[in-house]
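Below, chains carry the letters A, B, ... as their sequence lines are ordered, and counting in each starts from 1.
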Amino acid sequence: MPSEYDHAALEMKWRQRWQGSHIYEPDLLTAPNPYYNLMMFPYPSAEGLHVGNMYAFAGADAHGRFQRMQGHQVFEPMGFDAFGIHSENFALKVNRHPADLIAGNVANFRRQLERLGGQFDWSKTVATTDPRYYRWTQWLFLQLWKGGLAYRARRNVKWCPTDLTVLADEQVMGDGTCERCGTLVVERELEQWFLRISAYTDKLLANLDWLDWSESTKLLQRHWIGRSEGAHIDFPIEGQEPLRVFTTRPDTIFGATFMVLAPNHPRTLSLASPERRAAVADYVAEAARRRIAGVRNDSDQPQGLALGRNARHPLTGAEIPLFTAEYVLSDYGTGAIMAVPAHDQRDHAFATAFELPIIPVVTGESRDGAHSGSGTLINSGPFDGLGAPDPAREMVVAALTEQGLGQRQITYKLRDWGISRQRYWGPPIPAIHCPVHGAVPVPESELPVLLPHIDDFRPLGTGESPLARDPDFYNTTCPVCGGPAKRETDVSDNFLDSAWYYLRYPSADRDDVAFDRALTRRWLPVDTYIGGNEHAVLHLLYSRFIAMALHDLGWLDFDEPFKRFRAHGMITKDGAKMSKSRGNVVVPDEYIERFGADAFRLYLLAMGPFSEGGDFRDTGINGPQRFLNHVFRLLAQVEAPGTAEVEPLELARARNRCIRDVTRDTPELKYNTAIAAMMTFVKHLQAAAPPVPRPAMETLALLLAPFCPHAAEEIWERLGNPYSVHQQPWPTVDQNMLTRDQVVVVISINGRKRDQMDVPPGLSEDELRRRALGSKRIQELLDGSTPTKVFVVPDRQVNLVVPQR
RNA sequence: GCCGGGGUGGCGUAAUGGUAGCCGCAGCGGUCUUAAAAACCGUAGGACGAAAGUCCGUAUGGGUUCGAAUCCCAUCCCCGGUACCA
């Protein structure tokens, strides 16, 4: 039966047709009206794409297909983020080499992605593990280095004493243990490479004000950048350099009764008095152990120790004691604070435990002993009576600045990006260490620095990358002097690979440049980027930083890579995040096999708003499958060509309403309501007498195209139209067809529905009022009384206000 | 703790100041079938009622309004982010 909807045969047929005709591979050099539709490329795991990936790609692909039918040439590339610790750990676990696993995983992912029916341009795919790709990742690093945006510094890394390996932060569990073996993680100081993202904090923050991004994502970035306005204040110390603090509340300085240094502040030991020094050293060492173990001091009893030395209050001249305590962090602000116990809860707790004076300087109610809000200054000498924090903040800082003891200061939580990884599965950092010339860049002509295939890629246990096992790799000569030198053996962070992949796609087949100028100018920045909010801070922030850096270095004309970003929601199973450890990961293959990619896409996208995600329930896939069955049954009832093609008025109206709704909701990614509108239209067609008007079915094929790309092609073809439905313009609404002959107007009394009437649309308020009052039922209910007021909502409601008895 | 999002039938959701529950899933009744599945037709928030209809109902309590799921205040719960950030 030709009316049968045989998804398996039909989907295979159209997949082959698309591949053969290359309709998803625009000519990037000449395509007019370009639209770059980007989605976050996946990490090709051994398990294959999961439902969450499918959801993201189905939704992003629907967007790209919709844009194509709006007249754009759409470039929709796909690639693989194949380097990184996950691949490496998996390889270690199954005792295979990661390079051997990647090929199979990528092939499997590609098979799944093709099966989904995405309009991917496979002629421009990338894999970050391909030397043709990471050559340019290394090039990018060299440009940053040249531009002063890469530098070396010593920094602590997390280290597992059992696995003898450096751990990424995300491999350390909440209780400070190694995710693989459960051992308490320790810290180790290593010399590493950093990228100076801190040079762009202001711009990263400021541009968020105008970027067209999901608000949820912008908020996460703002929070992560963590800008705080305040002041640096120097507290003089007898016979020593003054101690500098950062505070956001300089207005409360008259309430500062003691000072606290982080245990690992560089001056904690040297500021301790000679008789306290031994005790302080013990405390500092103990605090370091606790910090490494991730043990936080949550007890009510604050920990800390007096240093046995005083500083002088810069405005009152009072002697105030110095302490060290773990609640002060070394890597934020200056690592030291002025403590104002009356107006900071942590300082208050500390002051109470150590019996230190508490001087209130701002009026107002306190919570947990401290009032951190606004008020009026008291006990503040010449500043008494001023509003706090403003305007007192400014005036105090001005007074301090005059004495050379303070200045306005802005502090950020965002730190520079450490990219060194003492692991194997990443691009080698292109640097050479010369005993004479220090760290020297690898000449660009010698890129890529190939990652050698070493059999034993287990972590070394020395704090060096496994590449330090391979003398053939690291023994080299200095590019400056030609003398013997050693290559950098660390590899770079996986996030560096993904921070620029969108630039590479259009130029993926080019070996002479990282990204071609003309192609980049035509296609970038990205028109729409769709991905999960789990990458809101790291990936999306790093990508923005790299674009800004490349812009300032003269490589790009733009400095924001993604004009529009939309975060999609998360797919859960039984209300919980899918994860391997929970064992609730849904593999999509069998569903696609059974119901077809089209029904599966429809199911995922109809579940709820795309930005919200939803809970996966396999019983729900019946709905979209039935819907497609209905559509194909209707297709078999379409009037034969050449017969008198008259579209009944009611169906023409339903069709236009459907076009209106789908056209309104689809670009907003409200796929659920767009699909509901199409289902409603199909119900109308089913209820109408056959034959099915041809325009109805043609419209349906066009509207379905972004969501069910295979079925839409099939319907389009069976209607006798030329290939391909995906190259057709989107249908337009005939405004004249949006009218109705009758509307239902509800009549209510005091807001409660009491009657309704069918009236022609567009009646005047007076006419509606007259007709409502004329209703027999309303007259009975009014029982002779007159409404004191009548509210009329044209075409909708008449509300009569009657005094309650 | 703090920041953000959310709480609507058995379930996913729709409606963002004007008929609450569109669309779908599961259910129930029926048709077809030896039977089941599929398919199709019908039904469907709760209570009372033969019906007409009435009352109740959008986490909970209050408020604003002619009218509130929608706006405001308070409380509870769920999800996400973050966590001694001075």
*Nearest-nucleotide comparison on RNA chain B, the residue closer to the 5′ end among S748(A) and D331(A)*: S748(A)
_Nearest-Å distance for atom pair OH/C1', residues Y671(A) and rU13(B)_ = 18 Å
*asked:* I'd like to know whether W224(A) forms a side-chain contact (heavy atoms from CB on, under 4.5 Å) with K413(A), so could you lay out the CA-CA distance, the side-chain angles of the two residues, the decisive distance to 0.1 Å, and finally the verdict.
replied: CA-CA 7 Å; W224(A) 190 261; K413(A) 290 183 199 171; over 6 Å; no
*CG of L220(A) versus P of rU82(B): gap in Å, rounded?*
8 Å
*Considering only the C1' atoms, how many Å lie between rG42(B) and rG80(B), rounded to the nearest integer?*
43 Å
*asked:* What I want to find out is whether R664(A) reaches E668(A) closely enough, with some N-O distance under 4.0 Å, to be called a salt bridge.
replied: no
*What integer number of Å spans the C1' atoms of rG53(B) and rA15(B)?*
26 Å
*Give a yes-or-no answer on whether the side chains of N622(A) and Y603(A) include a donor-acceptor pair shorter than 3.5 Å.*
no
When the side chains of residues 787-801 of chain A are checked against the rest of the protein, which donor-acceptor pairs come out under 3.5 Å, sequence neighbours left out?
{"unit_1": "T788(A)", "atom_1": "OG1", "unit_2": "V801(A)", "atom_2": "O", "d": "3.3"}
{"unit_1": "D795(A)", "atom_1": "OD1", "unit_2": "G762(A)", "atom_2": "N", "d": "2.9"}
{"unit_1": "Q797(A)", "atom_1": "NE2", "unit_2": "S748(A)", "atom_2": "OG", "d": "3.3"}
{"unit_1": "N799(A)", "atom_1": "OD1", "unit_2": "S748(A)", "atom_2": "OG", "d": "3.2"}
{"unit_1": "N799(A)", "atom_1": "OD1", "unit_2": "N750(A)", "atom_2": "N", "d": "3.4"}
{"unit_1": "N799(A)", "atom_1": "OD1", "unit_2": "G751(A)", "atom_2": "N", "d": "2.8"}

*Between rC25(B) atom C1' and M679(A) atom CE, what is the distance in whole Å?*
10 Å
*Angle class for the F354(A)/F323(A) ring planes (parallel below 30°, perpendicular above 60°, tilted otherwise)?*
perpendicular
_Whole-Å gap separating P (rC66(B)) and CZ (R796(A))_ = 20 Å
*Pick the C1' atom in rG4(B) and in rA20(B), then give their distance to the nearest Å.*
28 Å
_Separation of the P atoms in rG10(B) and rG5(B), to the nearest angstrom_ = 28 Å
_Over 60° means perpendicular and under 30° means parallel, so tell me whether Y671(A) and F707(A) are parallel, tilted or perpendicular._
perpendicular
*Could you classify rG49(B) for me, syn or anti, using a glycosidic angle within 90° of 0 as syn?*
anti
*Grab the CG-P distance between N622(A) and rA39(B) for me, whole Å please.*
7 Å
*Grab the CD1-P distance between I749(A) and rU54(B) for me, whole Å please.*
10 Å
Show me the donor-acceptor pairs within less than 3.5 Å that the side chains of residues 244-251 of chain A make with the rest of the protein, sequence neighbours left out.
{"unit_1": "R244(A)", "atom_1": "NE", "unit_2": "D234(A)", "atom_2": "OD1", "d": "2.8"}
{"unit_1": "R244(A)", "atom_1": "NH2", "unit_2": "D234(A)", "atom_2": "OD2", "d": "3.2"}
{"unit_1": "T247(A)", "atom_1": "OG1", "unit_2": "R249(A)", "atom_2": "N", "d": "2.9"}
{"unit_1": "R249(A)", "atom_1": "NE", "unit_2": "D251(A)", "atom_2": "OD1", "d": "3.1"}
{"unit_1": "R249(A)", "atom_1": "NE", "unit_2": "D251(A)", "atom_2": "OD2", "d": "3.1"}
{"unit_1": "R249(A)", "atom_1": "NH1", "unit_2": "S372(A)", "atom_2": "O", "d": "3.1"}
{"unit_1": "R249(A)", "atom_1": "NH2", "unit_2": "D251(A)", "atom_2": "OD2", "d": "2.9"}

*Starting at the 5' end of RNA chain B, which residue's closest nucleotide do you reach first, V537(A) or G333(A)?*
V537(A)
*Scan V744(A) against the nucleic acid and name what it touches under 4.0 Å (heavy atoms): base, sugar-phosphate only, or nothing.*
base
*asked:* Please report the distance, rounded to the nearest Å, between NZ in K413(A) and C1' in rC84(B).
replied: 11 Å
*Hey, does the side chain of R752(A) come within less than 4.0 Å of rA68(B)'s phosphate (OP1/OP2), counting only N and O?*
no
*asked:* If I take atom CE in residue M570(A) and atom C1' in nucleotide rG81(B), what distance separates them, rounded to the nearest angstrom?
replied: 11 Å
*asked:* Taking 4.0 Å as the cut-off, does a side-chain nitrogen or oxygen of H630(A) come that near to OP1 or OP2 on rC40(B)?
replied: yes
_Interatomic distance at C1', rG9(B) relative to rG27(B), whole Å_ = 12 Å
*Separation between the P atoms of rC22(B) and rG45(B), rounded to whole Å*: 8 Å
*Decide whether Q221(A) and R544(A) meet the rule of one side-chain donor and one side-chain acceptor closer than 3.5 Å.*
yes
_Quick check, does F791(A) stack with rC66(B)? I mean ring centres under 5.5 Å and planes off by under 30°._
yes
*Contiguous Watson-Crick or G-U pair runs (3 or more, under 3.5 Å) in RNA chain B*: B:1-7 with B:76-82, B:10-12 with B:23-25, B:27-31 with B:39-43, B:45-48 with B:53-56, B:59-63 with B:71-75
_Of the listed nucleotides rU82(B), rC11(B), rC3(B), the one nearest the side chain of W224(A)_ = rU82(B)
